[in-house]
Amino acid sequence: MPNSNIRVRFAPSPTGPLHIGGVRTALYNYLFAKKTGGTFILRIEDTDQGRYVAGAEDYILKSLKWLGLDPEEGPRIGGEYGPYRQSERKEMYGKYAMQLIENGKAYYAFDTPEELDAKRKEEAAKGNHNFRYDNVTRNEMKNSLTLSDTEVEQLTTNGNKFVIRLKIPVNEAVTFTDLVREEVTFQTNELDDKVLLKADGMPTYHLANIVDDHLMKITHVIRGEEWLPSTGHHILLYRAFGWEGSMPQFAHLPLILKPFGNGKLSKRDGAKFNMPVFPLAWKADSEKDSFLGFREFGFLPEAAINFLAFLGWNPGTEQEMFSLEELCETFSIEKISKSGARFDYDKAKWYNQQYVHATDAATLAKMTRPLVDVKEYEVSDEFLLSYCDLMKDRVVLLNDFLSEGNYFFEGVREYDDKNISKRWNPEIRRSFEALSELINGTADFNANSLETAIKNFINGNNLKMGQIFPLLRIALAGTMKGPDVFRMIELLGKTETVARLKKAMDYFDKI
RNA sequence: GCUCCUAUAGUGUAGUCCGGUUAAGCAUUUUGGCUUCUCAAGCCAAAGACUCGGGUUCAAAUCCCGAUGGGAGCACCA
């Protein structure tokens, strides 16, 4: 149960997969709610029927779930302020729009999209490239301000199409205090008469958003900076409704910028730079509209959260690792930075590595299991557990568990020829044969006793470590890289180790 | 073009409100070293920044003004 009246909402539009900027907005809303003992609400803003994408709502819910950002109210969850899908609230918006018509804060407009388009082109031809439907131009357009009552009467009945526009007052200043940007001012003369209710009877974002935030008793609107320019309209709307007294406070978040070059991070940047910009995979009809997510790239949700939290916020201390719970305790809007943050994929990977290192092998094994199964490797849980324990220090992304030690699962596919030919000779071959015997004869088959036995063997035969270990490693793994050889041998097991040695010796002879 | 927002190393940021004890801290990245059978990890070290120009002041990254750069918005999309 919430123990404060603070209510925040995350209000995505189901037009496709939720990008990472949206996820961060959700995160900050969630953190603020938790920090203040308030309520985190999910509202689906699906007022544009043309842009609705099936599966998008599902995707949003799944993404929040994966990240652990569970809304307390929302579609499929319920709550006392529902419904939480705007398409299901359609009737209310019309009613509120009418209220503004009646008190003179809004008016009917009958200009068709085609007419408006033509008007814009006409103005552009005259050199005026920013035609606005505003407190000047509305006097020469087709609307209830310029037409006679009878004409308006006719045009609004009999199923004629019209929109309702907000009547922006002339020559006023709208000032508000943004929680991250301090005082922001807009001149009403610069604001256009936004459409509130579309010809299809659906509200635009502006109307639906204000009505719902009011009805849902939202106290703080935490959203992306792209909304800052329309906040003037929103405040005017609150005023028009007479709701200014209970208007929520605004906090506009800095944008997430492209990792390289200019502009804000876009969904195409993921494919372009081979990095995830969505939480989960999204499958579309076409290849180019399908994307992998943080999860598929091998990120732990905790790491994604920690990384995202620090993109535009920091606690002001030197602590960098924060669990979701710790973030809930530490988060504060005052610490949000004002300027856009570049998407730093290196830092994201670093966070993941830290989390992988801090996670116990059993948990990692559980997460690696599906990856192993996809590859159709047949390995026991016990093997996978030891494997994860052995390899986790050299893993950055979960998928590295496969690539870094693929030789464990599929045997050696390729030997490092160059490093073999430098070292291999008949004398060493005899040592290897003896070594193979030794390993085969080791009763207590574990890394420690193997180490003692093998080192004794090397010393006892006047050999040097450098003559044996590199070749031994290549024989078992194909490469000079990898974890502790003795632990490798232990994990491979006696039979497999001896078999690999035999195969390797035959191969080495041929180089 | 117009409106609004913003400006500390390659990147993310601390410090800016309440000017001096910090010729700027942390992390990442890069480079080098230690460790080690190798590769990682870990540890140590190095490199690297107050956008510019004016002012105010004994003193400015910090206050004021201007310029420049960057970003967003300007739909019957959200």
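Residue numbers begin at 1 in each chain, while the letters A, B, ... track the order of the sequences. Just so it is clear, the structure is predicted and the values come from calculations on it, not from any experiment.
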Between Tyr507(A) and Asp417(A), a side-chain donor and acceptor under 3.5 Å: yes

Gap in Å between the two C1' atoms, one belonging to U57(B) and one to U62(B), rounded: 13 Å

Spacing between Trp350(A) atom CH2 and U30(B) atom P, to the nearest angstrom: 14 Å

Whole-angstrom distance between A27(B) and C17(B), as gauged at atom C1': 25 Å

Gap in Å between the two P atoms, one belonging to C52(B) and one to A60(B), rounded: 14 Å

Touch class at under 4.0 angstrom, heavy-atom based, for Gly466(A) against every strand present: nothing

Euclidean distance, atom OH of residue Tyr345(A) to atom P of G12(B) [Å, nearest integer]: 17 Å

Salt bridge flag under 4.0 Å for residues Asp212(A) and Arg89(A): yes

His357(A) backbone acceptor or donor facing Asp393(A) side chain under 3.5 Å: no

Heavy-atom donor-acceptor pair, Arg132(A) side-chain to C74(B) base, under 3.5 Å: no

Residue whose closest nucleotide on RNA chain B lies nearer the 5' end, Glu190(A) versus Phe343(A): Glu190(A)

Residue whose closest nucleotide on RNA chain B lies nearer the 5' end, Glu183(A) versus Pro470(A): Glu183(A)

Touch class at under 4.0 angstrom, heavy-atom based, for Arg342(A) against every strand present: sugar-phosphate

Check: Tyr28(A) side chain, Ala309(A) main-chain N or O, donor-acceptor pair, under 3.5 Å: yes

C1'-based separation of G25(B) from C39(B) [nearest Å]: 33 Å

Under 3.5 Å donor-acceptor, Asp269(A) side chain and Leu265(A) backbone: no

Touch class at under 4.0 angstrom, heavy-atom based, for Lys161(A) against every strand present: nothing

Charged N-O contact under 4.0 Å between Arg487(A) and Glu490(A): no

Span that lies between the C1' atom of U28(B) and that of A67(B), in whole angstrom: 33 Å

Phosphate contact (G73(B) OP1 or OP2) by Lys264(A) side-chain N/O below 4.0 Å: yes

Sugar-phosphate only, base, or nothing, as touched by Gly312(A) at under 4.0 Å among non-hydrogen atoms: sugar-phosphate

Check: Glu190(A) side chain, Gln187(A) main-chain N or O, donor-acceptor pair, under 3.5 Å: no

Sugar-phosphate, base or nothing in reach of Glu404(A), heavy atoms under 4.0 Å: nothing

Touch class at under 4.0 angstrom, heavy-atom based, for Thr15(A) against every strand present: nothing

Pairing stems for RNA chain B [at least three consecutive pairs; Watson-Crick or G-U; under 3.5 angstrom]: B:1-7 with B:68-74, B:10-13 with B:25-28, B:30-34 with B:42-46, B:51-55 with B:63-67

Spacing of the P atoms in G66(B) and G73(B) (rounded, Å): 26 Å

Pair Asp213(A) + Arg9(A), salt bridge at N-O below 4.0 Å: yes

Sugar-phosphate, base or nothing in reach of Thr317(A), heavy atoms under 4.0 Å: nothing

Phosphate OP1/OP2 of U13(B): any Ser337(A) side-chain N/O under 4.0 Å: yes

Touch class at under 4.0 angstrom, heavy-atom based, for Asp484(A) against every strand present: base

Nucleotide U3(B), atom P - distance to NE2 of His233(A) in whole Å: 15 Å

Trp227(A) side chain to Leu253(A) backbone, donor-acceptor under 3.5 Å: no

Same-atom distance (P) from U68(B) to A49(B), integer angstrom: 26 Å

Leu166(A) CG - C76(B) C1' separation (whole Å): 15 Å

Sugar-phosphate, base or nothing in reach of Pro12(A), heavy atoms under 4.0 Å: nothing

Touch class at under 4.0 angstrom, heavy-atom based, for Lys349(A) against every strand present: nothing

Touch class at under 4.0 angstrom, heavy-atom based, for Pro315(A) against every strand present: nothing

Pair Tyr387(A)-Phe409(A), ring pair (Phe, Tyr, Trp, His ring centres under 6.0 Å): steps then yes or no: CA-CA 10 Å; Tyr387(A) 173 76; Phe409(A) 304 108; 4.8 Å; yes

Separation of the P atoms in U6(B) and U13(B), to the nearest angstrom: 15 Å

Stretch residues 392-399 of chain A: residues that reach within less than 4.0 Å of RNA chain B through a heavy atom: Asp393(A), Arg394(A)

Arg51(A) CZ to C76(B) P, straight-line distance once rounded to whole Å: 14 Å

Sugar-phosphate only, base, or nothing, as touched by Asn262(A) at under 4.0 Å among non-hydrogen atoms: sugar-phosphate

Touch class at under 4.0 angstrom, heavy-atom based, for His252(A) against every strand present: nothing

Trp282(A) and Tyr59(A) aromatic ring geometry - parallel, tilted or perpendicular at 30°/60° bounds: perpendicular

Gap between atoms CG and C1', on Leu472(A) and U38(B) respectively (whole Å): 11 Å

side-chain N/O Lys198(A) vs C77(B) OP1/OP2, d < 4.0 Å: yes

Asp48(A) (side chain) and C76(B) (base): donor-acceptor pair under 3.5 Å: no

Separation of C4(B) P from Glu225(A) CD (nearest whole Å): 14 Å

OP1 or OP2 of U13(B) under 4.0 Å from side-chain N/O of Lys338(A): no

Under 4.0 angstrom between Thr204(A) side-chain N/O and C77(B) OP1 or OP2: no

Sugar-phosphate only, base, or nothing, as touched by Arg473(A) at under 4.0 Å among non-hydrogen atoms: base

Pairing of Asp134(A) and Arg138(A) as salt bridge, 4.0 angstrom limit: no

Heavy-atom donor-acceptor pair, Arg181(A) side chain to His252(A) backbone, under 3.5 Å: yes

Lys347(A) vs G10(B): side-chain N/O to OP1/OP2 distance below 4.0 Å: no

Lys119(A) bridged to Asp117(A) by N-O distance under 4.0 Å: no

Asn314(A) vs A14(B): side-chain N/O to OP1/OP2 distance below 4.0 Å: yes

Atom pair distance, as rounded to whole Å: CG in Asn128(A) and C1' in C74(B): 12 Å

